[in-house]
Structures are given as structure tokens and as C-alpha cells.
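What you see is a predicted model; the values in this text were computed from it and never measured. Residue numbering restarts at 1 for every chain, and letters A, B, ... go by the order of the sequence lines.
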2 protein chains.
Amino acid sequence: MRSIVAALGLRPASIYLKLKTLGIRAGANAGRDWLIEMLDSETKAVETPEDHAEELRLWLRLLTCTTLIEGEVRGRLRQRFDVTLPRFDLMAQLDKAPDGMTLSDVSKRMMVSNGNVTGLVERLVESGHLDRRTSETDRRVQVIRLTKLGRAEFRRMAAEHETWIADLFADLTPKDVRELMRLLAKTKASAQKSAARRKP
Amino acid sequence: MRSIVAALGLRPASIYLKLKTLGIRAGANAGRDWLIEMLDSETKAVETPEDHAEELRLWLRLLTCTTLIEGEVRGRLRQRFDVTLPRFDLMAQLDKAPDGMTLSDVSKRMMVSNGNVTGLVERLVESGHLDRRTSETDRRVQVIRLTKLGRAEFRRMAAEHETWIADLFADLTPKDVRELMRLLAKTKASAQKSAARRKP
DNA sequence: GCGAATTTCTTTAGGCTTCAAATAATTGGC
DNA sequence: GCCAATTATTTGAAGCCTAAAGAAATTCGC
């Protein structure tokens, strides 16, 4: 259905002005309320410089929380185990996959670029934490998995890591945690939908 | 005060077992509830390999949300304005400070290292978005502010940026947003407290 | 005022990260 | 079977980021 705004040949921004000029909103037009409402809501949807300050603040707060916690975890990993967060994250993915993963899998799971994973894996193979081999059924594919050393070290780190996280969230009640889980699930879904709208 | 667990000469992990063996929890010990409770809570606090899986899941979900949104914003900034997220963030800080900020201020606000800011500022001065001068009252301090160009470009980007954020959070109701704000504030406070415990 | 401690900023080395282009292997259509 | 499209990974250039060490200026304690 064609837009009323377009149908009237108006530039959306000018609508409120027009209406005001014409005195339409002053209630002198009984029976046209439907039109006014329609214009009103459409104007809102199409052009009014809407106030999204709340969402913006929410985003900044979300980012702050993550940055704060991430920095803390990064620092503790370095201090206690002399390991970086990306290395830890990669090992965490592999720990959940005893049969190994392909680089692409890892890349998707970690939400980082392919090239990034290539370098990360290179260093972890170098240090003896990862084993890497070309798939026999598809020679494009590289399958990586934790070595015995890698798994042992990861388990040791993960146990302590879990207590750090618990401590960082210590002031949240179980109810808070549940509620956050729910709202963040909703947030994630919303963001994914929005991202999909951009690149279909 | 010395630990009850230690006073009884028990290894904490064995407490639940002992209690079970002795049938103490079966309610056959009227008048000793205080002891049971004390042992119970102490065991919980001291040794039980506690289940922090919920907090861990929460952290991962928080991280996922942030990564998702951040990646989306980064991509759109690059696509639409050929600008990086850190540059945009730095300009956002300066836009809120017409009188300029010192590098340290920026560093604290953005929660990144000093050295990082040095490089970031260098590139933005180079491209004409920032003005940088040594403070006259303290020659250690560098004061930076947006140039006319920088401010204009930022405002243009910020306006669009705000709509992206609104779209990313579009499925959240105003109530969801308020609730998330509240819970994330609590989360931030908790994390800050925990971080302070580590480095006092 | 002097010297030590502190603050502000830069530098350096190493690693992380992205994007885009290139390489190599597989798959699908015919 | 052949060739185009797709998929998996690597490479290269540029930029981001940190920790740690260092340089310059200021402040503090006396």
C-alpha cells in the first residue's frame, strides 16, 4: 500500500508544519480524526526525529558491563596463567567438541573473522595446545582439537575462571540472573533480526 | 573467629557425607538446627564445588549480545561512513565535552589503555577531525577537542547511528529497556566491586 | 627549595582483529 | 566430464589493543 505521505506529495518532515498551518489539529475537523491519526502515526514512523536516547543509553551500559568484565577476566588470565582471552575462548570452544571442529565452525562460534582464527590456531599449535590436521574427506577443511596438554591446561584454567565470573556477578540474586538471561535472549533475537534485515 | 569446619577437624568436602552418615539432617536432632544451618552455609561458602554454571551462561550471553551488536555497528559505520568504531567512540566522548578532554580522561572514559589513545588521537588529528594542544597550566597534559569538521562529521554519523541502535533493540518493550537498565546497573556495580577486591 | 614520588603521556614489542584479495578444493548444472 | 559457482582457508595491509618501560613535568614532604 502506497504511503499516505507520498500520496499527498508531502515531504514527511513538513507534515506537522502543514497540519499546524492549516489548523487541522485544533479539533475543527470533526470526522477526520482517522486521517489525523494516520498521518500522526505515519509521521512518527517515517520521519519525526524520534527519541532513541533510552536505547542508546542501554547500549552504552551493556557495552560498559561487557568491557569491564572482559578486562577483568583478561587481566586475571594473564596474571594467573599467562594466557590471552582469545586463546582461552578458542580452547573453551574445543573443550566442548571432543571430536574437533573446523576452522569455520570456530570462526562462527566465536563470531570473529576466518583470518583471525587462522593466526590464533597457528600460535596455539605452536605452543602445543592444539592439534591440527587436514580432513580426509574434504581437503579444504582443517580439523583442530585440543591436545592432552591443551585440555589439561584448559580445565585447570576453566575451573578458576568460573569462580571469577561467579565473583563478578556475586551481587546478583538468582532471580536477577534469570531475568537478565531472559532479557538478553530477547535482545539477542532482536539484534539478529535487525542484522538479518540489513544483509538478507 | 576460627572456622567450625576447621575446629571439628573435618575437611570441608566431607561434611555433607558425614552429616548424611550420621543421619543428622533427618530431623532427629531438635535444638541443633543452628549447628546444622551453620555447617550448611559454611560448607557452601568454603568448599562445595559450587555450581556457577548459571553465572557463566549469563556472562556468555552478555558477551554474545555485545559482540553481535558491536559487530553490526562496526560494519555499518564502515559501510556508510568509512570510519572505525574506536574513532567514532572517541569522537562521541569529545562531542560531550566542548571544552576538550585530556588524554587520560578519554582513556578512563573509554576504558582503554593510554597508549591506545595516543595512537587513536594521532590518526584523528592527522585526518583533521581533532585538535590537540598542550595545556598551558600543566605541560604534561594534552587537551584534545573536535575540530569543526570533526564535530560536523560526528553529528552526521551519530544521528544515523542512533537509528541503528534503535533498530537493533526494536523488539524490546520500554519496560524491557527499563528493566535491563536496572539489572545492568546492578551488574556493573557488582563487577566493579569485584574488580576492586582484586586490586585495592 | 630540594629530592622523591606521582602523574601524564609516549614508545615498544607482541598479539589481536578486520577486510579484501588470493588460493585451493569441492559441488552443481549441463 | 567440464566449467562456473561455492566453500574453506590463507595472506597481506592497516589498524586496534595491552602491558611494560621510559621520558617529562608536577606535586609532596620536609
Q: With DNA chain C as reference, determine whether A:N116 or A:R139 sits nearer its 5' end, using the nearest nucleotide of each.
A: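 Closest to the 5' end, via its nearest nucleotide, is A:N116.
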
Q: Looking at A:D95 and A:R155, is any side-chain nitrogen of the basic one under 4.0 Å from a carboxylate oxygen of the acidic one?
A: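 A salt bridge links A:R155 with A:D95.
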
Q: For A:L85, which contact category applies under a 4.0 Å heavy-atom criterion: base, sugar-phosphate, or nothing?
A: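 No contact.
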
Q: Give the rounded distance in Å between these two atoms: CG of B:D89 and C1' of D:dG15.
A: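 The answer, rounded to whole Å, is 15 Å.
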
Q: Grab the CZ-P distance between A:R78 and C:dG14 for me, whole Å please.
A: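 Spelled out: CZ on A:R78 to P on C:dG14 is 13 Å.
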
Q: Figure out the CD/P separation between B:Q142 and C:dC9, and round it to whole Å.
A: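 Distance check: B:Q142 CD to C:dC9 P gives 7 Å.
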
Q: Any donor-acceptor pair under 3.5 Å between the side chain of A:R140 and the base of D:dT9?
A: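 By the distance-only test, no, there is no pair.
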
Q: Any Lys/Arg nitrogen of A:D176 or A:R178 sitting under 4.0 Å from an Asp/Glu carboxylate oxygen of the other?
A: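 Here A:D176 does not pair with A:R178 in a salt bridge, since their nearest N and O are not under 4.0 Å apart.
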
Q: When you get a sec, tell me which of C:dC16, C:dT10, D:dT9 is the closest nucleotide to the side chain of A:R123?
A: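 The answer is C:dC16, which lies nearest to the side chain.
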
Q: Can you tell me how far P of D:dT7 sits from CG of A:L103, to the nearest Å?
A: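 Distance, rounded to whole Å: 17 Å.
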
Q: Of the listed nucleotides (C:dT10, C:dT18, D:dT9), which one gets closest to any side-chain atom of A:T102?
A: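 Output: D:dT9.
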
Q: Where the side chain of A:R87 is defined as all heavy atoms beyond and including C-beta, which of C:dT10, D:dT9, C:dG15 is the nearest nucleotide?
A: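 Closest nucleotide among those given: C:dG15.
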
Q: Could you check whether A:E179 pairs with A:R182 (Lys NZ or Arg NE/NH1/NH2 to Asp/Glu carboxylate O, under 4.0 Å)?
A: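 Looking at A:R182 together with A:E179, the answer is yes, because their closest N to O distance falls below 4.0 Å.
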
Q: Nearest whole Å is fine: how far is C:dT8 P from B:N114 CG?
A: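 Whole-Å distance recorded here is 9 Å.
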
Q: Go nucleotide by nucleotide along DNA chain D from the 5' end; which of A:D138 and A:G115 gets its closest nucleotide reached first?
A: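 Final value for this comparison: A:D138.
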
Q: Is the distance between the ring centroids of A:F81 and A:F88 under 6.0 Å?
A: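 Ring centroids of A:F81 and A:F88 are no less than 6.0 Å from each other.
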
Q: Could you give the CG-to-C1' distance, from A:D82 to D:dA20, as a whole number of Å?
A: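 From A:D82 CG to D:dA20 C1': 14 Å.
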
Q: Between A:S104 and B:T84, which residue's closest nucleotide on DNA chain D lies nearer the 5′ terminus?
A: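 Comparing both residues, the 5'-ward one is A:S104.
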
Q: Round to a whole Å and report the spacing from CD of B:E122 to C1' of C:dT11.
A: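 B:E122 atom CD is separated from C:dT11 atom C1' by 10 Å.
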
Q: Separation of A:E70 atom CD from C:dT17 atom P, in whole Å?
A: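 One finds 9 Å between P of C:dT17 and CD of A:E70, rounded.
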
Q: Among B:R139, B:R140, B:Q142, find the residue that satisfies the side-chain hydrogen bond (donor to acceptor under 3.5 Å, both in side chains) test when tested with B:T134.
A: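 Looking at B:R139, B:R140, B:Q142, the match for B:T134 under the side-chain hydrogen bond (donor to acceptor under 3.5 Å, both in side chains) is B:Q142.
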
